[in-house]
Amino acid sequence: MDFLGVIQLLDSSLRLATPLLLACLAGLFSERAGIFDIGLEGKMLASAFFSAAVASYTGSVWIGLMAGIGASLVLAAIHGVASITFRGNQLISGVAINFLASGLTVVIGEAWFSLGGRTPQLEGAARFQEITLPFANAVRDVPYLGPIYADFLSGHSILVYVALALVPITWWVLFRTRFGLRLRAVGENPAAVDTAGVSVVGLRYAAVMICGVLTGIAGAYLATALSAGFVKEMSAGRGFIALAALIFAKWRPWYALGATLLFGLLEALGNRFQSLDLFGIPIPTQFMQALPYILTVVILAGFVGRAIPPRAGGEPYVKER
Amino acid sequence: MDETLAIELRGISKAFGPVQANKDISIQVKRGTIHGIIGENGAGKSTLMSILYGFYRADSGEVFIGGKKTEIPDSQAAIDAGIGMVFQHFKLVENFTVLENVILGAEDGRLLKPSLAKARKLLKKLADDYEMDVDPDAIIEDLGVGQQQRVEILKALYREADILILDEPTGVLTPAEADHLFRILKGLRDEGKTIILITHKLREIMEITDTVSVMRRGEMTATVKTAETSPEQLAELMVGRKVLLRVDKTPATPGAVVLEVENLRVVDDRNVERLRGIDLTIRAGEVLGIAGVSGNGQSELLEILGGYAKGTGVIRVNGQQIDITGSASDARTRRARGIAHVPEDRQREGLIMDYRAWENIGFGYHDDPKFNSGLLMHNSALKTDCVDKMERFDVRPPDPNLAAKNFSGGNQQKIVLAREIERNPDLLLIGQPTRGVDIGAIEFIHQQIVALRDQGKAILLVSVELDEIMALSDRIAVMFDGRIMGERLPSETNQGELGLLMAGITEDAA
Amino acid sequence: MNDAMPKWADIVLIPLINLALALFVSGLVVALIGKNPFEALYILVNGSVGSAYGWGYTLFYATNFIFTGLSVAVAFHARLFNIGGEGQAALGGLGVALVALSIDWPHWALALPAAVIGGMIFGALWAAVPAYLQVRRGSHIVITTIMFNYIAAALMVYLLANVLKVPGSASPETARFIEGARLPNAADILPWVGFSRSTPLNVSFLVAVLACIGVYFLIWRTRLGYEIRAFGHSEPAALYAGISPVRITMLAMLISGGLSGLMAINAVMGEAERLVLDPVQGAGFVGIAVALMGRSHPLGVFIAALLFGALYQGGAELTFEMNGMTREMILVIQALVILFTGALDNMVRSPVERMFLSRRRQPEAPLPTTPLQPGGHPDDAKIEP
Amino acid sequence: EPGLIIDLGGKFDKSFNESAYNGAQRWVEETGGDYSETELANEAQREQTMRRMAERGANPVVVLGFANASTLEVVAPDYPDTEFVIVDMVVDQPNVKSVVFAEHQGSYLVGMMAAMASETGTVSFIGGMDVPLISKFACGYAQGAKAADPDANVIVNMTGTTPTAWNDPVKGAELTRSQISQGSDVVFAAAGGTGIGVLQAAADAGILSIGVDSNQNYLHPGQVLTSMVKRVDNAVYDAFTKGAAGELETGISVMGLDNNGVGFAMDDNNADLVTPEMVAAVEEAKAKIIAGEIEVHDFTTDGSCPAY
Ligand SMILES: Nc1ncnc2c1ncn2[C@@H]1O[C@H](COP(=O)(O)OP(=O)(O)OP(=O)(O)O)[C@@H](O)[C@H]1O
Ligand SMILES: Nc1ncnc2c1ncn2[C@@H]1O[C@H](COP(=O)(O)OP(=O)(O)OP(=O)(O)O)[C@@H](O)[C@H]1O
Ligand SMILES: [Mg+2]
Ligand SMILES: [Mg+2]
């Protein structure tokens, strides 16, 4: 494969990694605060639907984005109420949210548009368009760096840049601000936060809500940037992959970028080399399709050590039994 | 309104579900004094103080601070009212640095940097003022418990607490450290701060407090001036009956060597060497006490002897060397060699808290043919066994169907002891036999240990309570930093000497 | 200590209130899309448990969920979160199909035990790799089991589209099993109850009931179960007791995978009578909800599976009988049931508990007061010597 | 009153099921009649629903999709008075009419058009899952492309191996982009809801796409070259009409080019894209296929494809 091919592969990886990255960072906030979230998938799906539905209804993708975030926030709030206020089981709550989103998106979609749960196709301002970075066309001919800038970095929807920017922002928030210190502390030892005079409940809600916002962006990216409308179940397991990436990344922002880019790259490779002959023997398509997952397991087993989750993760904060 | 009162509590009651932890408690604490609170385990001391600190909310009652009625809905309110508290179980974020823990919740602005710098400076000053050195950048879990406690105190001082509550602070300290702490507390008192000290050690109460309140079963039974009372009276107030504060025992008659350990080394999973070449022997019919501040390798020693840490060196039991590195080296094979083990942390290791008493009575011995047929467990055999042991060890309530978590700490310990002792082992490892156990039960447990010794068992006793080590041991070895600093006979040593050894100071160095 | 409430309130009253709340909110959703919620409720209940016909389907679905629910539950007891039920059940289907197709089975009574073994072994093998990686390499079992679901799906498509498919057929499915490898259904066994010929409920339901009993015995009666639970409650304690984490993790996951694999007895051998693409149909994920709601106890799993079976069948009736009711409505109802009975449990539990507590506290006599003067400051109150 | 059982995937899949639904609607509009309809939610409901339909008195009962065949085989004999119609598969029962489509022939024609419209000489295909039916499309397409341009390069990709493969427009779009980067400038999608993403990505990138099952030309006017239509609607309409008149013939009915069962869609949306030469060439091929002069290989007969 030539250099341009590599660039295109990376380009594809970046697009595929973006929703994973957003969801992964979302999960990172939540889980760093001690709230496990297997409902990323459902929140993403709900946001995908509402962003597309509202964008199609209003004709504005920005209003759509807001609606998507709003929908994701509502589900996040349910997760918060269940797992923080009522100290329920976080896994059950997440499972419920996933079911709820797959059901409600279609039920509402059908009642709204009568298109079998789909939304109308989005056009023009109802979609996120690709952005060309400054001078992209001018520098394209510079060897190597030109294509990297013009074809790999440039030409994505704004949400891709938002997602990328969120990596250092997340790092900075977590490790350089008061809020981040408290957030991390509440995921490790909520009693320490509580006795330091900070509200455990407040912090955890904040984290869950940030998670809602980020998964909201992820969902909107799927429906209004990568595609042009909602199709039922269109999150297609990406929330779970994001969760895997989060564990892979050991709950760290920069690692999250690495992990999701790796997943993106593996998928892009799988797409690109779906039919491959090895020494004249054709490899089954299905093997190539499973390859990203196989490689994930191999990498995990071979190179990534034990991942230690936030210590108070998954457990509700109970002072009095 | 009495301006001289730092704190007044009136009619505080608090129930945890069916447990009434505090019942209509009133107490007054004078400004600029050290006020002790003493009481058996579960008497409600921690609960009361946690209410004052806003950690729990009382069901009823009022709090007055500096004479003013104050609502304390959460810890922030308590901090604002000038209260600081060092909890019995530290409230530290283990993988944060000291500085991060100190500023947590008391940061100056949205960004950490200025707060960290300020805290670093202040920490240095506090360290100078009170001789409390801690590396500000150390990670909490790398610190010893004593250091961790300093961090807790520094946290309170950083928040400019006027009233400092310490809940069982000395349990984790060497005598020297405890003395140091007391000097600090006295210094603080002399600066006009008010200190509330919870402890179950009568000696400390007598040594440092100005007044003392006694709690029993959720109620405040008395408040007296320390100068006007005696340990015996306090003990009686606590328990409600006369108690024996000494252990009666005859001199040991050691027999054959049961355990020999040579050059034992253990490296933990973070690659820190925890045991750095331990040599020791124990004979039948004697108690070897291991003194030391916790975190100096005692746990690792018990773990490798008990079969669940890996290391290098030689361990011989009854003259036969046992495998300590291979895959067959586990707790099961140790038990088969006649080693029984009462672990330091009964709730984490010794018991499955959700298992019923009868299930716990076979824990570790569950592959004994008496308890199972290879496939099925003989639950009825376990139950019979449990009823029997509960009776002989006076476990209360004697209900084999109660889950371990529903027994009080002392009774949990009795269940573990019953299980391990009754196996008739050659060697008994005992870690912290009376931690969190009240005076009444301590008496019983100590008698059991002495009786076992008199039956000719070899006993390795690890305890951070020097009193206990002194009272029970026939020989005392002091551990510091993974090494044995020296061995003493209890009759020929004293707390001062042991305290120095515990701090790593040998005579030649001193 | 959970003696705040009588036991009946804990296991009957609270779940019922939760269920009622879930149905109430579902009713709101139904009303919101302009349908009559009462009619929907009637169809839901009547369709699932109102007739032998309904029961035939309810119990059939429940059978699947019992297996996957037990699978998740066994792993939970060892504190392992096995979300690989989908893949393990799919592989179980492969095992069952291979057994059914390999020999000219004379009678189902012979084929069934063989298929049970085949399904269990394949399911267990699919769980073995993640378990091994967890034990030896510390690879997080949640990730690896998710990945193995995808890998299983790819493997199944490959095998069915290329290897196992009937030559010349366009369907990616195996041949129909021969008569001797088909399981008798409820109408064959209990003709007098009024099950229809086509009812999918079959003898696997009995296997599922046996599995519940078996898991009960495994967990609460055997030495292995004792060790699994101990390990699940506390790993340090397990080490102290000489229980090998490696052995327990492997065994618990093998059993868990085997149970998922057993699901295929019902779905592949009992119902479809051939291996199709995706025979699992999400039952692996439902199993997570079932196990969580059933508190990982076989009886709880059984009841939760029944509830979900009824929702599946009642939901099918709903789409059938009520015009404009999409099949996704049933997902919403399921979600709400999981949410209210599972995650929002405390919303109802706490107030009910308080109610019982306050009723119980009143008659209790106060502790005898000590002769000592309580509280106060020593200057104000002197104590007796 | 006739009955229609919509298969897994749902009524509005923009292709197969939707086409059937449209056929039923056309019948309703034209005759004012009534019919029962239900959607399957999972595998186990196939038999249940078929029987429910028959017991409710629906006649004929139309079932869609190959996955129903083995079930219908069992169910049909129990209801000798009911006539069943199965689309996409053959069931040999006296009261069953099996309607199968020669998708490979229709795909052959659009493959030719693709190769002729291509400027790069590379065309591509995206299928939902690598199963025989989808390979039948792909193989016909590749044969057509090679027929029109022997040097044509045909890229074949499949979306996935789980049920979401049919509902993943994001992946569809990404596969399309990947194919574009490999030079493709005409892409044919046979992947259900995933295809929506394929057509969208093609339109966004300014290349041509080909729809499937129903006429999808309108989705992106001027950018969808054509659609390989599979007249499931006609099959349903036909079954309903004949059933009402009591003249449904059971047995196998092959819907091919000869009886307009498959074909390529022409309308205002793609009028500017399809040149007269293309139409001429395709019409000629069509005639030859009907006449048996060109034989388009059917992948499902032997699981192999001569064109790749
Ligand atoms: N976390 C808890 N939840 C519910 N009940 C508890 C809890 N902790 C303790 N209890 C109950 O409270 C009672 C008192 O327990 P606690 O450990 O405080 O006893 P204690 O008075 O200290 O006894 P001992 O001296 O034997 O340790 C126990 O019988 C137990 O049933
Ligand atoms: N969070 C809690 N939930 C339920 N019960 C509790 C809780 N904390 C304490 N208790 C119970 O309340 C009673 C009083 O406990 P508390 O911790 O105040 O005793 P204490 O005097 O500090 O004992 P110790 O000497 O063991 O520290 C005990 O029975 C204890 O088990
Ligand atoms: Mg206490
Ligand atoms: Mg206690």
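Protein chains get the first letters and strands the later ones, always in sequence-line order, with residue 1 at the start of each.
- Interface remark: A:Thr296 contributes side-chain atoms only to the contact with chain C (heavy atom separation under 4.5 Å).
- With a 4.5 Å cut-off on non-hydrogen atoms, C:Val29 touches chain A through its side chain but not through its backbone.
- Interface remark: C:Leu292 contributes backbone and side-chain atoms alike to the contact with chain A (heavy atom separation under 4.5 Å).
- Contacts from residues 75-85 of chain A to chain C, taken as heavy-atom pairs separated by less than 4.5 Å, involve A:Ile78, A:Val81, A:Ala82 in sequence order.
- Within the 4.5 Å cutoff, side-chain heavy atoms of C:Asn162 are placed close to those of A:Gln286.
- With chain A as the partner, the residue from C:Ala291, C:Ala154, C:Ala289 showing the most heavy-atom pairs under 4.5 Å is C:Ala154.
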C:Thr144 vs A:Tyr293, test: side chain to side chain contact (heavy atoms under 4.5 Å, CB included). Steps then yes/no. CA-CA 9 Å; C:Thr144 45; A:Tyr293 308 112; over 6 Å; no

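- If you measure heavy-atom distances from A:Ala111 to chain C, the contacts under 4.5 Å come from the side chain alone.
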Set out, in order, the CA-CA distance, both residues' side-chain angles and the distance that settles side chain to side chain contact (heavy atoms under 4.5 Å, CB included) for A:Val297 and C:Leu133, then state yes or no. CA-CA 9 Å; A:Val297 173; C:Leu133 293 177; 3.4 Å; yes

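- At a 4.5 Å heavy-atom cutoff, the contact between A:Ile241 and chain C is made by side-chain atoms alone.
- No more than 12 heavy-atom neighbours from other residues, nucleotides or ligands sit within 6.0 angstrom of OH on A:Tyr57.
- Across all their heavy atoms, C:Glu328 and A:Val107 have their closest contact at C-CG2, 3.8 Å.
- In terms of non-hydrogen atom pairs under 4.5 Å with chain A, the most contact-rich of C:Leu336, C:Ile151, C:Leu155 is C:Ile151.
- Across C:Ala343 and A:Asn89, no two heavy atoms sit closer than the pair CB-O, 4.1 Å.
- No more than 12 heavy atoms of other residues, nucleotides or ligands sit less than 6.0 Å from atom OH of A:Tyr255.
- By number of non-hydrogen pairs under 4.5 angstrom with chain A, the leading residue of C:Met347, C:Met329, C:Arg136, C:Met293 is C:Met347.
- Both the backbone and the side chain of C:Val157 come within less than 4.5 Å of a heavy atom of chain A.
- In this structure, chain C has no heavy atom under 4.5 Å from any part of A:Gln289.
- The two residues A:Gly88 and C:Asn346 make their nearest non-hydrogen contact at N-ND2, 4.5 Å.
- With a threshold of 4.5 angstrom between heavy atoms, C:Asn149 does not approach chain A through any atom at all.
- Atom-to-atom distance recorded for A:Phe240:CZ and C:Thr145:OG1 is 10.5 Å, nearest 0.5 angstrom.
- Between A:Phe86 and C:Leu344 the shortest heavy-atom distance is CD1-CD2, 3.8 Å.
- We find the CG-CD1 distance between A:Leu91 and C:Ile83 to be 9.0 Å, quoted to the nearest 0.5 Å.
- When the candidates C:Tyr158, C:Phe148, C:Phe81 are compared by the number of heavy-atom contacts under 4.5 Å with chain A, C:Tyr158 comes out ahead.
- A:Ser93 OG to C:Asp345 CG: the interatomic distance, rounded to the nearest 0.5 Å, is 12.5 Å.
- Exactly one of C:Ile338, C:Thr341, C:Ile288 qualifies for a side chain to side chain contact (heavy atoms under 4.5 Å, CB included) with A:Ile92. That residue is C:Ile338.
- Here the closest heavy-atom approach between residue A:Ala301 and residue C:Arg137 is recorded as O-NE, 2.6 Å.
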Evaluate side chain to side chain contact (heavy atoms under 4.5 Å, CB included) for A:Phe99 paired with C:Leu339, printing each intermediate quantity in order. CA-CA 10 Å; A:Phe99 275 92; C:Leu339 191 66; over 6 Å; no

Acceptor/donor pairs from residues 307-314 of chain A side chains to any protein atom, 3.5 angstrom cut, sequence neighbours excluded:
{"unit_1": "A:Arg311", "atom_1": "NE", "unit_2": "A:Glu188", "atom_2": "OE1", "d": "3.3"}
{"unit_1": "A:Arg311", "atom_1": "NH1", "unit_2": "B:Glu141", "atom_2": "OE1", "d": "3.1"}
{"unit_1": "A:Arg311", "atom_1": "NH2", "unit_2": "B:Glu141", "atom_2": "OE1", "d": "3.3"}

